[in-house]
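The structure appears below as structure tokens.
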Number of protein chains: 2
Amino acid sequence: MQEGSRGHRERIVYEAAQHLRRAGVGGTGLRQVVADAAAPRGSLQHYFPGGKDQLVTEALDWAGTWAAERVAQHVSGMRRPSPGRLFTAMLDDWAAELQARDFERGCPVAGAVVDCADTNPAIRQAASAALDTWRRPITEALVTMGRSRRRAETLSTLMLCTLEGALVLARAQRDTAPLRLVARELAPLLDA
Amino acid sequence: MQEGSRGHRERIVYEAAQHLRRAGVGGTGLRQVVADAAAPRGSLQHYFPGGKDQLVTEALDWAGTWAAERVAQHVSGMRRPSPGRLFTAMLDDWAAELQARDFERGCPVAGAVVDCADTNPAIRQAASAALDTWRRPITEALVTMGRSRRRAETLSTLMLCTLEGALVLARAQRDTAPLRLVARELAPLLDA
DNA sequence: TGGCTACTATGACAAGCGTCATAGCCTGCC
DNA sequence: GGCAGGCTATGACGCTTGTCATAGTAGCCA
């Protein structure tokens with residue numbers, strides 16, 4: 001049953017990430033996570049002997065690489081690539097997700113940072129690493145689009161900042177308007 | 001002792017807001033709040049019969065008006081006002097705060113949204129209201145600086161989005177670089 | 001067959017949480 | 001003086017949390 005086991009482990013990590021998106025670290029209960037993952041409770045201490053910290057850390061890792069892959073998909077799916085178009089695609093993606101799930105889930109990294117940046121160094125570090133993982137493919141794409149590496153790093157950081165903040169505002173007012181607004185306003189600057 | 005009493009109430013609200021900034025709603029314990037406020041525990045059920053929800057709501061209200069006043073101070077303190085300069089002043093303010101407190105505290109609104117947007121309608125609503133309270137003086141200032149009202153609304157939203165996101169990144173990597181970066185990048189666009 | 005390993009099951013633990021009930025203080029007013 | 005009411009003190013409740021100890025099961029390999 002190695003397949004089933006690894007399935008359990010992966011499902012737990014995935015479900016933990018989804019819980020982070022919904023209610024942050026403090027609002028994520030381990031019993032609920034395993035229940036939603038349809039995994040046995042015993043798997044927790046078997047696969048994650050490091051406890052909640054380990055699980056949250058792995059969830060952030062997973063989220064970072066997932067976001068990076070999503071960026072790659074956007075890049076490869078663009079007919080005429082440009083920084084502004086990439087940014088717009090990412091924002092559209094998030095807007096659709098928020099809309100579809102009734103603003104239930106935001107960004108797991110934000111959830112971790114807001115709850116743990118000052119209280120849990122390991123989780124803070126994992127959140128920072130996840131942001132780097134997410135930002136790297138964006139930077140690379142911008143380089144491919146002709147920006148200098150230095151400029152690309154700056155723009156990718158700007159994109160992530162604006163995206164994260166727009167997510168907060170959007171969830172607060174249950175409206176995707178902020179997402180669309182920042183895409184519209186920033187695209188020209190990114191393409192300049 | 002009416003002074004002392006009102007002092008207690010206000011200190012509790014203030015301290016609750018500071019706890020929100022540090023660890024979000026889930027990480028804020030009421031016993032710790034009253035202890036840090038040097039207030040008696042009994043004041044909780046006396047002043048806040050609505051429980052934690054009421055306290056968090058009032059803390060967000062307080063934070064919103066505080067932020068609005070801070071904006072007004074920045075505006076009135078600027079020799080040659082411009083949207084970009086206002087934005088830079090706000091970001092500098094936050095950067096200094098993060099630096100001084102070792103990245104301990106972020107934005108209370110973000111803490112509330114990330115933890116409660118999907119689980120607590122009252123708090124989500126209070127967070128949204130706080131953002132409006134914060135954004136209004138910014139919008140008004142931009143109108144005074146010659147922008148159309150419609151344009152001012154757009155720009156103030158953009159400013160808040162970027163600020164909130166930059167705070168998340170800055171706390172994640174314990175570096176004020178994102179704050180300085182977005183100020184530098186966005187100022188020209190705001191002044192255009 | 002027996003043992004070793006991977007995984008699961010379950011109950012218990014201490015700690016913390018928000019909330020509430022109850023009683024006591026202390027001041028001001030009649 | 002005596003009563004009323006704003007405020008405080010304190011203990012307890014029920015619940016949930018993360019963590020752990022312990023036992024149990026299933027499958028592979030010798």
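Bear in mind that the values here come from a model prediction, so they are computed numbers and not experimental data. Throughout, protein chains are lettered first and strands after them, A, B, ... in sequence-line order, and every chain is numbered starting at 1.
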Quick one: salt bridge (Lys or Arg N to Asp or Glu O under 4.0 Å) pairs with a partner in residues 74-94 of chain B, sequence neighbours left out? B:Arg70-B:Asp93
Nearest whole angstrom, please: distance from the [atom2] of [N] to the [atom1] of [X].
X       : N      : atom1 : atom2 : value
A:Phe48 : D:dT17 : CZ    : C1'   : 18 Å
B:Lys52 : C:dT19 : NZ    : P     : 8 Å
B:Tyr47 : D:dG6  : OH    : P     : 11 Å
B:Asp53 : C:dG18 : CG    : P     : 11 Å
A:Leu44 : C:dC7  : CG    : C1'   : 13 Å
A:Ile12 : D:dG18 : CD1   : C1'   : 15 Å

Using a heavy-atom distance cut-off of less than 4.0 Å, which residues of residues 113-125 of chain B contact DNA chain C? none
With sequence neighbours excluded, tell me which residues meet salt bridge (charged side-chain N to carboxylate O under 4.0 Å, His left out) with A:Glu140. A:Arg149
Which residues in residues 19-41 of chain B have a heavy atom closer than 4.0 Å to any atom of DNA chain D? B:Arg31, B:Pro40, B:Arg41
Neighbour count above 12 (heavy atom, 6.0 Å) for B:Arg147 CZ: yes
Please determine if a side-chain N or O atom of A:His8 lies less than 4.0 Å away from the OP1 or OP2 oxygen of C:dT8. yes
Phosphate contact (C:dT8 OP1 or OP2) by A:Ser43 side-chain N/O below 4.0 Å: yes
Quantified as the angle between the terminal helix axes (five pairs each), what is the overall bend of the helix from C:dT1-D:dA30 to C:dC30-D:dG1 to 10 degrees? 20°
Table please: side-chain donor-acceptor pairs of residues 98-111 of chain B below 3.5 Å, with sequence neighbours left out.
residue: B:Arg101; atom: NE; partner: B:Glu97; partner atom: OE2; Å: 3.2
residue: B:Asp102; atom: OD1; partner: B:Arg174; partner atom: NH2; Å: 2.7
residue: B:Asp102; atom: OD2; partner: B:Arg174; partner atom: NH2; Å: 3.3
residue: B:Arg105; atom: NH1; partner: B:Gln18; partner atom: OE1; Å: 2.9

Under a 3.5 Å cutoff, is there a donor and acceptor pairing between the side chains of A:Arg9 and A:Ser43? no
Which residues share a side-chain contact (heavy atoms from CB on, under 4.5 Å) with A:Ala177, sequence neighbours left out: A:Asp175, A:Arg180
Results of side-chain contact (heavy atoms from CB on, under 4.5 Å) for A:Ala96 - residues two or more places apart only: none
Hits for side chain to side chain donor-acceptor pair (under 3.5 Å) against A:Gln54, two or more places apart or cross-chain, chain-then-number order -> A:Glu58
Most 5' of B:Gln45 and A:His46 on DNA chain C, judged by nearest nucleotide: A:His46
Review item, side-chain donor-acceptor pairs of residues 181-192 of chain B, under 3.5 Å, at least two apart:
residue: B:Glu185; atom: OE1; partner: A:Arg151; partner atom: NH1; Å: 3.1
residue: B:Glu185; atom: OE1; partner: A:Arg151; partner atom: NH2; Å: 2.8
residue: B:Glu185; atom: OE2; partner: A:Arg151; partner atom: NH1; Å: 2.9
residue: B:Asp191; atom: OD1; partner: B:Ser82; partner atom: OG; Å: 3.0
residue: B:Asp191; atom: OD1; partner: B:Gly84; partner atom: N; Å: 2.7
residue: B:Asp191; atom: OD2; partner: B:Ser82; partner atom: OG; Å: 3.2

Can you list, pair by pair, the side-chain donor-acceptor contacts under 3.5 Å of residues 30-37 of chain A, counting residues two or more places apart and other chains?
residue: A:Gln32; atom: NE2; partner: A:Asp36; partner atom: OD1; Å: 3.1
residue: A:Asp36; atom: OD2; partner: A:His19; partner atom: NE2; Å: 3.2

Side-chain hydrophobic cluster, 4.5 Å single linkage: members besides B:Val143: none
